[in-house]
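Quick notes on the structure that follows.
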Amino acid sequence: MATDTLKSTPGASGASGGLRRLLLDNGALTALIILVIAMSALSGDFLTTDNLLNIGVQAAVTAILAFGVTFVIVSAGIDLSVGSVAALSATVLAWSATSEGVPVWIAVILAIATGIACGLVNGVLISYGKLPPFIATLAMLSVGRGLSLVISQGSPIAFPESVSHLGDTLGGWLPVPVLVMIVMGLITALILGRTYIGRSMYAIGGNEEAARLSGLRVKKQKLVIYALSGLFAAAAGIVLASRLSSAQPQAAQGYELDAIAAVVIGGASLAGGTGKASGTLIGALILAVLRNGLNLLSVSAFWQQVVIGVVIALAVLLDTVRRKAGATPVTAGAGGSSGLKGPQAVKYGLAVVLVAAIVGGLSLFNNGSSSANPKVGLSLSTLNNPFFVQIKEGAQAEAKKLGADLTVTDAQNDASQQANQLQNFTSEGVDSIIVNPVDSDAAGPSVRSANKSDIPVVGVDRGVNKAETAALVASDNVEGGKLGAKALAEKLGGKGKIVILQGLAGTSASRERGAGFAEGLKAYPGIDVVAKQPADFDRTKGLDVMTNLLQAHPDVQGVFAENDEMALGAVKALGSKAGKSVQVIGFDGTPDGLKAVKEGTMYASVAQQPKELGRIAVENALRAADGKEVEKTVKVPVKVVTAKNVDEFTG
């Protein structure tokens, strides 16, 4: 059976040949070294102790997930469910320890058991149900995410304080997530290299039928393999929730793809039979270095996705070149040393010294090269929404006017990704930070880190809980919800059937706007809410959800959408009914929303002034950086915009 150990063919000799062979035989390591050198050359903020520790923390969750996925890929399988299983396990822990009063140690066991159970279900469906791994784990991805939302009711759950220490540091500098990552990596290496199940993974991945004929109980082995993947996913979920001090039902979305990418970048083959823990760790570090470095270089959030995709492809291509250059796999049981002997150790030592010298020189070269302009970091919850794009535009215009360097990042509605971005800003040493939290609780730990570094933080649109902010620049979402309820109820004459399109589950904006609307409706008992469904602040989903709701409630007379994008989707679904027999109210006052109000297809939008939010946030962030006094809360008025006043509204 094949293993992942590679043995070079003869030919290269001498120190230079040995170094070249070392790099060729370790494609992922070479890619990581090149990335570190490049980032060190391009950014003087990259090669600092704080930033390197940040990279370790940011790689930890992906690496732990990827270690579990390594078992699956080595055995020629795939697991798309690990991100959802991580979120579900963390939610079970937080829910059982808080809502149900279960002792924390039992809650931790329940969380781990949840991960193992999900893995076992995957294994049963694949081994005994004969489902392809892609389909079985895709189904578990949906089931796990759905159960997480059901248990949490779509809202984050505070994490037990005793478990939250997993997101802290030891001695004030060594992050616990990094230690957990190292321990899980050592366990992975031990399982793959020193156990019967590890050898079975390579055998099954190399040739499943040959493994079965040789006496391996392949079906039972697969149960163990997928159970291990679920166990590691549970551990990753607990570490992630500890960092955020809350279990987020929408956490770790897309992490399964990062985990698979880390394993493949690390030298494993999706065809099975090869893979190792050290390669997976290097793959996770490559992804973390990329994201960290691109943030430090102020690369556009949209271009970051392009760059990461290209680098992943190049890293795998380098591995292909390495194999064609003469590296050949060593079969299990073949001779060879398991440790580093004299000449090999010298080569590794020379490589380390060379890289350290280059990186150190680049670091010294970059010292003092930073701009004299004040630096401000702006982390937005998403840029896939016109409202937040307008906040960015207002902030950029004000930064340009005041002579500040503004770096904008897109958290893509992922609280953990936003935590990474805020940590990057802190390690970069920006003069001030502006944050539009994905979730007010989850942003707290990262903002507290900025507090410790004496970097003033300004919240925009949403506040930050359990942390100090110099100012909050926001519209009142709750008040806006009340105004929306009043406007819709009065338009309907105080009675009628309505539906509500909710935003992304667990986000502060959705909770606050929904709560305000519900509070406002109490004054109108004749209004009957016949349905409430999430459409995730997305126009396409608003169209689909509204189309479905009309099948069940064709006589609906009103729609309240928690943002204009969903309202515009509802307008499309309603067709000729929009603005005539059915009144639609949105929220945000985006250009497209106001255009629909002017045309009469939307009755109204509860309009905020996003460009003004961005402008005032930058103004206050720079004042706070200069040590000047700023107001703790700056309220930007909201108003209901209808056809009567839409021409007067400047947004």
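When reading the values below, keep in mind they use all heavy atoms of this one structure, side chains included, and skip hydrogens, waters and symmetry mates.
- Within a 6.0 Å radius of NZ in Lys632, other residues, nucleotides and ligands contribute more than 12 heavy atoms.
- Atom CG of Asn384 is surrounded by 12 or fewer heavy atoms from other residues, nucleotides or ligands within 6.0 Å.
- Atoms OG and CZ, from Ser475 and Arg462 in turn, are 11.5 Å apart once rounded to the nearest 0.5 Å.
- Using a distance-only test at 3.5 Å, with no hydrogens or angles considered, a donor-acceptor pair links the side chain of Ser152 to the main chain of Gly154.
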Inset, instruction - Check the pair Lys595 / Asp564 against salt bridge (charged side-chain N to carboxylate O under 4.0 Å, His left out), numbers first and verdict last. - result: CA-CA 11 Å; Lys595 181 181 177 183; Asp564 282 346; over 6 Å; no

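- Annotation: the span from Leu149 atom CG to Ser84 atom OG amounts to 9.0 Å, rounded to 0.5 Å.
- Looking only at atom types and distance, the side chain of Thr137 has no donor-acceptor partner in the side chain of Asn122 under 3.5 Å away.
- In terms of modelled atom types and a separation under 3.5 Å, the side chain of Thr507 and the main chain of Leu504 share a donor-acceptor contact.
- Side chain of Asp588 to main chain of Asn563: no donor-acceptor pair is present (N/O by atom type, distance under 3.5 Å, no hydrogens or angles).
- Side-chain atoms of Ser89 never come within 3.5 Å of backbone atoms of Ala86 as a donor-acceptor pair (strictly under, hydrogens ignored).
- Using a 4.5 Å cut-off on side-chain heavy atoms (C-beta onward), Ile527 and Leu492 make contact.
- No donor-acceptor pair under 3.5 Å is formed between the side chain of Asp258 and the backbone N or O of Thr62.
- In this view, Asp461 satisfies the salt bridge (Lys or Arg N to Asp or Glu O under 4.0 Å) rule with no residue, not counting sequence neighbours.
- Partners of Asn292 by side-chain contact (heavy atoms from CB on, under 4.5 Å), not counting sequence neighbours, listed by chain and number: Phe46, Asn51, Ile55, Gln58, Leu296, Asn424.
- Checked by atom type and distance alone, the side chain of Glu562 pairs as donor or acceptor with a backbone atom of Gly503 at under 3.5 Å.
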Side-chain polar contacts of residues 538-545 - donor-acceptor pairs under 3.5 angstrom, sequence neighbours left out - could you list them?
unit_1: Asp538; atom_1: OD2; unit_2: Thr540; atom_2: N; d: 3.0
unit_1: Asp538; atom_1: OD2; unit_2: Lys541; atom_2: N; d: 2.9
unit_1: Arg539; atom_1: NE; unit_2: Glu565; atom_2: OE1; d: 3.4
unit_1: Arg539; atom_1: NH2; unit_2: Glu565; atom_2: OE2; d: 3.0
unit_1: Arg539; atom_1: NH2; unit_2: Asp592; atom_2: OD2; d: 3.0
unit_1: Lys541; atom_1: NZ; unit_2: Asp536; atom_2: OD2; d: 2.8

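- Applying the side-chain hydrogen bond (donor to acceptor under 3.5 Å, both in side chains) definition to pairs two or more places apart or across chains, none involves residues 569-582.
- The 12-atom threshold is not exceeded at CD of Glu631, counting heavy atoms of other residues, nucleotides or ligands nearer than 6.0 Å.
- Listed by first and then second residue, the salt bridge (Lys or Arg N to Asp or Glu O under 4.0 Å) pairs that reach into residues 385-401 are Glu393-Lys611, sequence neighbours excluded.
- Rounded to the nearest 0.5 angstrom, Phe388 CZ and Leu380 CG are separated by 7.5 Å.
- With respect to the salt-bridge test (charged N to carboxylate O, under 4.0 angstrom), the residues Asp647 and Lys598 qualify.
- For Phe537, there are no ring pair (Phe, Tyr, Trp, His ring centres under 6.0 Å) partners two or more places apart in sequence or in a different chain.
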For residues 440-447, which side-chain N or O atoms pair as donor and acceptor with protein atoms under 3.5 Å away, sequence neighbours left out?
unit_1: Ser440; atom_1: OG; unit_2: Gly463; atom_2: O; d: 2.8
unit_1: Ser440; atom_1: OG; unit_2: Ser508; atom_2: OG; d: 3.2
unit_1: Asp441; atom_1: OD1; unit_2: Asn465; atom_2: ND2; d: 2.8
unit_1: Ser446; atom_1: OG; unit_2: Ala419; atom_2: O; d: 3.4

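- A donor-acceptor distance shorter than 3.5 angstrom exists from the side chain of Asn385 to the backbone of Phe387, with no hydrogens or angles considered.
- Not a single donor-acceptor pair under 3.5 Å links the side chain of Ser246 to the backbone N or O of Ala158.
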Legend entry - Criterion side-chain contact (heavy atoms from CB on, under 4.5 Å) on Asn420 and Ser416, from CA distance to verdict: CA-CA 6 Å; Asn420 293 342; Ser416 59; 5.6 Å; no

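- Panel note: side chain Asn620, backbone Ile616; a donor-acceptor pair is recorded below 3.5 Å.
- Taking CG from Leu80 and OG from Ser142, the interatomic distance works out to 12.0 Å, rounded to the nearest 0.5 Å.
- Residue pairs meeting the salt bridge (Lys or Arg N to Asp or Glu O under 4.0 Å) criterion with at least one partner in residues 496-509, sequence neighbours excluded, are Lys497-Asp555.
- Partners of Asp414 by salt bridge (Lys or Arg N to Asp or Glu O under 4.0 Å), not counting sequence neighbours: none found.
- Looking only at atom types and distance, the side chain of Gln418 has a donor-acceptor partner in the side chain of Ser379 under 3.5 Å away.
- Without hydrogens or angle criteria, Arg513 side chain to Gly480 main chain gives no donor-acceptor distance under 3.5 Å.
- Listed by first and then second residue, the ring-ring contact (aromatic ring centres under 6.0 Å, His included) pairs that reach into residues 558-603 are Phe517-Phe560, sequence neighbours excluded.
- A salt bridge links Glu619 to Arg615: one of the charged nitrogens lies within less than 4.0 Å of a carboxylate oxygen.
- Pairs engaging residues 300-309 under the salt bridge (Lys or Arg N to Asp or Glu O under 4.0 Å) rule: none recorded [sequence neighbours left out].
- How far CG of Asn413 is from CD of Gln253: 9.0 Å, rounded to the nearest 0.5 Å.
- When the side-chain hydrogen bond (donor to acceptor under 3.5 Å, both in side chains) test is applied to Ser229, the partners found at least two apart in sequence or on another chain are Asp79.
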